[in-house]
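Encoded as structure tokens, the structure appears first; notes follow it.
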2 protein chains.
Amino acid sequence: MTDANQTISDRIHKELDTFTRAERQLALSILENYPASGLGPLTALARSADVSVPTVARMVQKLGYKGYPDFQADLRDELSAIAKGPIAKHETWAGAAPSGHILNRFTEAVIDNIRNTMAHIDPVAFDEACALVADQKRHLYIVGGRITHTLAEYLFMHMQVIRPNLTHVQSTSNTWPHYLLNAAEGDVFVIFDVRRYENNTLKLAEMARARGARLVLFTDQWRSPVHRLADITLTCRIIVPSAWDSVATTVLLVESMISQVQNLDWDNTKDRMQELEEIFDKTRLFRKFT
Amino acid sequence: MTDANQTISDRIHKELDTFTRAERQLALSILENYPASGLGPLTALARSADVSVPTVARMVQKLGYKGYPDFQADLRDELSAIAKGPIAKHETWAGAAPSGHILNRFTEAVIDNIRNTMAHIDPVAFDEACALVADQKRHLYIVGGRITHTLAEYLFMHMQVIRPNLTHVQSTSNTWPHYLLNAAEGDVFVIFDVRRYENNTLKLAEMARARGARLVLFTDQWRSPVHRLADITLTCRIIVPSAWDSVATTVLLVESMISQVQNLDWDNTKDRMQELEEIFDKTRLFRKFT
DNA sequence: ACAATTATGAAATATTTATCACAGGCCGCT
DNA sequence: AGCGGCCTGTGATAAATATTTCATAATTGT
């Protein structure tokens, strides 16, 4: 935390000349296995570099740290900065806005959410989920709650273009039991449930499960209780500087799924889209130009 | 070094279900800033995860370690293994997926969109838009089209919590002229229009303008023709590897706006949210725990 | 080659950090 | 509503880790 924009490794390298023999020996040993070696106990580091314990203490002081723990803290900071990836580094996003502006703070948080979500997602599970959703033999139910029904609707809207045989269910409505009547073994439920998890959604999931349906769940990092029933759970980070949570990352996942499903049967999808275009042309709903 | 070929991060993720509430909270906190957080002192980790010190000790034992130092040693080993391995996996986002996987391609595109959008946005205009939307003396109309009506609804839903005196209009419906009857000078229209720009939306905008309303427009980089009428235009990049466009960036902007508006009158918003909570409690719609 | 200076490591001390034992509290069950 | 079990955090204890001191060895300059 002494100097920004310069790794500790760089600093050590630069100061190599000012070091004494034993210190140099130590420095090289640190760089050998950087940064892991510096994160262990001082004693272990001294032993592995084959120098005495005080040598280590003296060297880190020469580097400007108050003591070894201070040095370690700096190493850890550097490590987390790296882990965040080059994009998430604290640079200003909205170039014209001050760095404390809500746009920058919010964007940083969302990028962080995305990074975190993607780091933990299981691509095999994702592909399986897409395959289930793409399977037109199975009836597809898309379920959303109070907040998430917009997400559900967004997915539904696109799936409508791609395939037939699907239903949009709103768990907060009291009509959903009727839909379940038609649910058959092997049908697929895509369920959205993020925190303030909803009792209705859980009940619906239980009953769907009981009827032999397959469950794909979109949820947050704390995971809706539905996840215990779900065949596939896709988890998103949703923290932002706001009184509410962010669905931006979830949208990203949903859109990725749409894209993947459309690819799985592109020939068919293309035809359906074209047909849709023609219908729209007749309704003159959209502008032709500009 | 308990098990090869499986990162500690994976193990933690897998055991998430066997953990208790506090342990899960801790585990998520570790994954949040992995692996740096686990390499500091136990006390610091406990504090940052907001759990007690013994909880940390108990969790690492559940993971099969003799104690916290043992756990740290394993983390360091993993770290050095990574550092030695082939350098940098060419910036894949979903680490477990191949770089050509849809998840990575899509994520890269969205990050790119965000970056581009934020680079071109005018924070002053954004702030003005927020101020308009926050002004409770003006009636707020939120307008969406065929695709964007989910976005409009999302904004509407949150604004409903923050303030009274607002209406959700769907331009594709044929009922919107009725709403316009009530529109008065100084009212605010938030309009969503992205490509396949809609004739109805343009007509609506023209008439709103004619009645002396202020227009805030969310659109894409090619800009809906509404932008010639709008007081403030917020432009988003929406290109992704898909047959459709992405609203992820637009969602980010909308959420930023929600956050900002809520801040502009936080005292009032807080009260309204609390009231809402109480009503929900009575309906028992949400689960209290887990 | 000798003295002055500086580097080094062993050992003692001080500090931090981890583990353990216990009691209060919460939840689910009857 | 009352009871049992399990989770959870507080405080005490033990262990480890880091810092300092000091004697010795190495190095440099004269």
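All values reported here derive from a predicted model rather than from experimental measurement.
A straight line from OH of Y68(B) to C1' of dC20(C) spans 18 Å, rounded to a whole angstrom. Regarding Q72(B), its CD atom lies at a distance of 10 Å from the C1' atom of dA18(C), rounded to whole Å. The nearest whole Å value for the distance from the CG atom in D70(B) to the C1' atom in dT19(C) is 14 Å. Rounded to a whole Å, the CG atom of D50(A) is 13 Å from the C1' atom of dT8(C). The interatomic distance linking R21(B) (CZ) with dG25(C) (P) rounds to 15 Å, in whole Å.
Within a 6.0 Å sphere centred on CE of M273(B), heavy atoms belonging to other residues, nucleotides or ligands number more than 12.
Note on V53(A): a base of the nucleic acid sits closer than 4.0 angstrom, heavy atoms only. No contact: Q25(A) has no heavy atom under 4.0 Å from any strand.
Side chain of S246(A) to main chain of I238(A): no donor-acceptor pair is present (N/O by atom type, distance under 3.5 Å, no hydrogens or angles). Between the S80(B) side chain and the R76(B) main chain, a donor and an acceptor come within less than 3.5 Å of each other. The backbone N or O of V188(A) lies less than 3.5 Å from no partner atom in the side chain of R214(A), so there is not a single donor-acceptor pair. Within the 3.5 Å criterion, the main-chain N or O of L103(A) finds a donor-acceptor partner in the side chain of T107(A).
If you check residues 34-46 of chain A against DNA chain C, you find no residue with a heavy atom closer than 4.0 Å.
Comparing P69(B) and R58(B), the nucleotide of DNA chain D nearest to each residue sits closer to the 5' end for R58(B).
Between chain A and DNA chain D, the heavy-atom contact criterion of under 4.0 Å yields a 5' to 3' nucleotide range of dT17(D) to dT20(D).
An end-to-end axis angle of 30° holds for the helix from dA1(C)-dT30(D) to dT30(C)-dA1(D), taken from five base pairs per end and rounded to 10°.
Contact annotation: T55(A) side-chain N/O to dA7(C) OP1/OP2 distance is not under 4.0 Å.
The side chain of P54(A) has dA11(C) as its nearest neighbour among dT19(C), dA11(C), dA18(C).
Sorted by first and then second residue, the salt bridge (charged side-chain N to carboxylate O under 4.0 Å, His left out) pairs with a member in residues 54-64 of chain A read E23(A)-K62(A); sequence neighbours excluded.
With sequence neighbours left out, the side chain to side chain contact (heavy atoms under 4.5 Å, CB included) criterion links A208(A) to L180(A), F189(A), A213(A), L215(A).
For the atom pair OG1 of T55(B) and CZ of F19(B), the computed distance is 12.0 Å after rounding to the nearest 0.5 Å.
Here H139(A) and Y141(A) bring their ring centres to under 6.0 angstrom of each other.
Counting heavy atoms from C-beta on, the side chains of M207(A) and W176(A) come closer than 4.5 Å.
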Between side-chain atoms of residues 34-47 of chain B and protein atoms elsewhere (two or more places apart, or another chain), which donor-acceptor pairs fall under 3.5 Å?
unit_1: Y34(B); atom_1: OH; unit_2: S9(B); atom_2: N; d: 3.2
unit_1: Y34(B); atom_1: OH; unit_2: E78(B); atom_2: OE1; d: 3.4
unit_1: Y34(B); atom_1: OH; unit_2: E78(B); atom_2: OE2; d: 2.6
unit_1: S37(B); atom_1: OG; unit_2: I30(B); atom_2: O; d: 3.2
unit_1: S37(B); atom_1: OG; unit_2: N33(B); atom_2: O; d: 2.9

